[in-house]
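Here is the structure we will look at.
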Amino acid sequence: MRWIIYFFALFIIIDVVVIAYWRDSQANTTLSNILVYLLVLPLGIFGISYLVRLIYKKQNNPIKPDPNNHSETPALAEQVEQKTTYLRIHAATLQTSEGEDITEILDALKQYKTAQLDSQLVNASGVHILSRRIDLSEDELEHLSWFNDTDSSASDTLARFKRIAVIVQRLLQNMDLQLCLLSQGMTQAAQWHVRPEFEQPILHPAWNGQRDEHITQHTEQVIHQIQQWPVQVKIHCFLPPSPNTQDYELIRHTIDSLLQQFGFSVDQFLFLPVVLSPALSQQDLLHDLLQQIKQDEKNIHLILGADSLIDQDEVDEIIWEKPDYITAEAGYGLLISNFKINISDYEDSGYILVNPDEKKLTLKTPEKSSLIVSAFNPLIHTHQIKPLLSYLSQLELNSDELLFAGTLLESVSDQASGLALTFSAALTQQLDIENHLFLMNEDQKNYSWFFTKDLDFLETSNE
């Protein structure tokens, strides 16, 4: 259809231009001129355009595999069938309007605590609107400690991203113990890997019968622990869209400064921003990210996310079209890695089962309390509630309660999946609760991830 439209548009444009030129120049036209310029020329240009398009398409599109070729079937089957695996959760922290303590957040969700009237934000009539505001002090907002006096980016940054920067700073400060231990261990491991070689070759004690004298079991354990330390921290930071690149520089600079204060060198971490938009499903992005992490045995991953719409100017633009809009702000941080990365200094590790075998999970009757966490906000995603309840009834899970973590973000829901993921991890890690994180997007894709501290159960599930 596009080529037909292009064909007629080409004829009309060329004919109009040629006729206008003939009329203005009063040139003598013959039958051959009319045929060449009004017929042959458009056909020639159309044919060349179509031929170039075919060549480009052939060069850039890979050849599709032949469905009758059975030699590729096993490889394709391995890609489709994903084995159940699990990841290690090292630390989890939250910043919400209900505080950062996991028990307070849990109680608020169980009691269906609603948003409150904001102390500052008002609508066009001057009436205070509902919001979920985090109590950020003026000192935190006005005196950004990570800026030098010569740095002008603070003045160019939106108020929204200034609040996000403070939330991110709080998240990292709440994980300062884990991050400091991580930086020390990574630095020691890096020094061990680049230690200078001996000047003279020395025979390994295991080969000259002196192994027991020179290498103790403790030494082997220390070497094994050093080899398990990650090489780099990959920081996946989920942020709202902004036309101003200085906003993202503010967040990057915040993270860089704090991590260097914790002892990291600039080559020990990598900032990977992920800009969210309505066209991107965060739960799909998280699902793909967890699949990448389970393949990564060298690096540890820090998932960060924050959003804030506690700003009168931005709220004015939104509530003009959506009078019932409830604004909010929240942040989350999750330190997670492949299961093989074991940091002995972290005592309270939790685990997440990715692509779990739901039949095995339903057969297990947990002695501990069990919860199901959803990223939905029932007031916004009303059309999703029925499929959710139908799916859960089929699982026959022994669950005490269904929690809707999406209410913590209200209408600012692009970050709800990341918040629910971290909330589930924190429940398991801090309160020793086994729980499912259930997600469903607009395409009705179901994701169910199981969180636990029971390593024996995970090993049994992986058999």
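What's counted below: heavy atoms across the whole structure, side chains too, no hydrogens, waters or symmetry copies.
A heavy-atom distance below 4.5 Å is not found between the side chains of Leu239 and Leu276. At least one side-chain heavy atom of Leu335 sits under 4.5 Å from a side-chain heavy atom of Ile300. Residues Met186 and Gln268 meet the side-chain proximity criterion, which asks for heavy atoms closer than 4.5 Å. Contact check for Leu182 versus Trp229: side-chain heavy atoms found under the 4.5 Å cut-off. No side-chain heavy atom of Leu439 sits under 4.5 Å from any side-chain heavy atom of Phe376. Inter-residue side-chain proximity for Leu109 and Glu98 is flagged as unmet; no heavy-atom pair is nearer than 4.5 Å. In this structure the side chain of Ser337 never reaches within 4.5 angstrom of the side chain of His301, judged on heavy atoms. Ile251 is listed as a side-chain neighbour of Cys237, based on a closest heavy-atom distance under 4.5 Å.
The side-chain contact (heavy atoms from CB on, under 4.5 Å) test with Lys234 singles out one residue from Leu289, Leu302, Asn299, and that residue is Asn299. Partner of Ile352 under the side-chain contact (heavy atoms from CB on, under 4.5 Å) criterion, chosen from Leu421, Thr428, Leu437: Leu421.
Within the structure, the ring pair (Phe, Tyr, Trp, His ring centres under 6.0 Å) test picks out no pair touching residues 413-432 (sequence neighbours left out). Within the structure, the salt bridge (charged side-chain N to carboxylate O under 4.0 Å, His left out) test picks out the following pairs touching residues 312-327 (sequence neighbours left out): Arg160-Glu314.
Judged by distance alone, with hydrogens and angles left aside, the side-chain atoms of Arg132 form a donor-acceptor pair with the main-chain N or O of Thr407 at under 3.5 Å. Gln178 places no side-chain N or O within donor-acceptor distance of the main-chain N or O of His90, the cut-off being under 3.5 Å. Between the side chain of Gln384 and the backbone N or O of His381 there is no donor-acceptor pair closer than 3.5 Å. In this structure, Ser242 contributes its side chain and Asp247 its backbone to no donor-acceptor pair below 3.5 Å. When atom types are taken as modelled, the side chain of Ser257 and the backbone of Thr254 share no donor-acceptor pair closer than 3.5 angstrom. Not one N or O on the side chain of Gln282 forms a donor-acceptor pair closer than 3.5 Å with the backbone of Leu280. Between the side chain of Ser413 and the backbone N or O of Ala416, no donor-acceptor pair lies under 3.5 Å. One N or O on the side chain of Asn338 and one on the backbone of Lys294 form a donor-acceptor pair closer than 3.5 Å. Glu329 places no side-chain N or O within 3.5 Å of a backbone atom of Ile310 that could act as its donor or acceptor partner. Using modelled atom types, no side-chain atom of Thr422 and backbone atom of Leu419 make a donor-acceptor pair closer than 3.5 Å.
The shortest non-hydrogen separation linking Asp311 to Leu121 is C-CD2, 3.9 Å. Minimum interatomic distance between Leu171 and Gln95 (heavy atoms only, all atoms of both residues): CD2-CG, 3.7 Å. Between Ser393 and Ser390 the shortest heavy-atom distance is OG-O, 2.6 Å. Closest approach of Ile164 and Ser308 over heavy atoms only: CG1-N, 3.9 Å. Contact detail for Leu130 and Ala115: the closest heavy-atom pair is CD2-O, 3.7 Å. Shortest non-hydrogen contact noted between Leu402 and Ser374 is CD1-CB, 4.4 Å.
Within 6.0 Å of atom CG in Asp288, more than 12 heavy atoms from other residues, nucleotides or ligands are found, so the atom counts as buried in its surroundings.
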* Criterion side-chain hydrogen bond (donor to acceptor under 3.5 Å, both in side chains) on Asp284 and Tyr447, from CA distance to verdict -> CA-CA 9 Å; Asp284 286 340; Tyr447 298 113; 2.7 Å; yes
* I would like to know whether Phe451 and Leu427 meet side chain to side chain contact (heavy atoms under 4.5 Å, CB included); could you show each step before the answer? => CA-CA 9 Å; Phe451 297 78; Leu427 281 174; over 6 Å; no
* To do: Could you walk me through whether Ile318 and Leu309 pass the side chain to side chain contact (heavy atoms under 4.5 Å, CB included) test, one step at a time?
  => CA-CA 10 Å; Ile318 297 174; Leu309 269 177; 3.8 Å; yes
* To do: Starting from the C-alpha separation in whole Å, work towards a yes-or-no answer on side chain to side chain contact (heavy atoms under 4.5 Å, CB included) for Phe238 and Val275.
  => CA-CA 6 Å; Phe238 291 90; Val275 181; over 6 Å; no
* Might you work through the side chain to side chain contact (heavy atoms under 4.5 Å, CB included) test for Gln116 and Thr114, ending with a clear yes or no? => CA-CA 6 Å; Gln116 306 296 315; Thr114 59; 4.1 Å; yes
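For the 3.5 Å distance criterion, the side chains of Ser137 and Glu140 qualify, holding a donor opposite an acceptor.
Partners of Phe438 under the ring pair (Phe, Tyr, Trp, His ring centres under 6.0 Å) rule, at least two apart in sequence or in another chain, are Tyr391. For Tyr332, there are no ring pair (Phe, Tyr, Trp, His ring centres under 6.0 Å) partners at least two apart in sequence or on another chain. Taking Tyr248 as the reference, Phe161 meet the ring pair (Phe, Tyr, Trp, His ring centres under 6.0 Å) condition, with sequence neighbours excluded. Take Asp107 and apply the salt bridge (charged side-chain N to carboxylate O under 4.0 Å, His left out) test, not counting sequence neighbours, and it matches no residue.
Of the inter-residue distances, the one linking His236 atom NE2 with Ile336 atom CD1 reads 10.0 Å to the nearest 0.5 angstrom. The line from CD1 of Ile326 to CG of Leu379 is 6.5 Å long, rounded to the nearest 0.5 Å. Atom CG of residue Leu304 and atom CD of residue Gln415 lie 10.5 Å apart, to the nearest 0.5 angstrom. Atom OG in Ser370 sits 7.0 Å away from atom NE2 in His436 (nearest 0.5 Å). Atom OG1 of Thr452 is separated from atom CG of Asp432 by 7.5 Å, given to the nearest 0.5 angstrom. For the atom pair CG of Leu94 and CG of Leu334, the computed distance is 9.5 Å after rounding to the nearest 0.5 Å.
Ring to ring, Phe339 and Tyr86 are close: their centroids are under 6.0 angstrom apart.
Salt-bridge check for Lys453 with Glu434: failed, with every basic side-chain N at 4.0 Å or more from each acidic carboxylate O.
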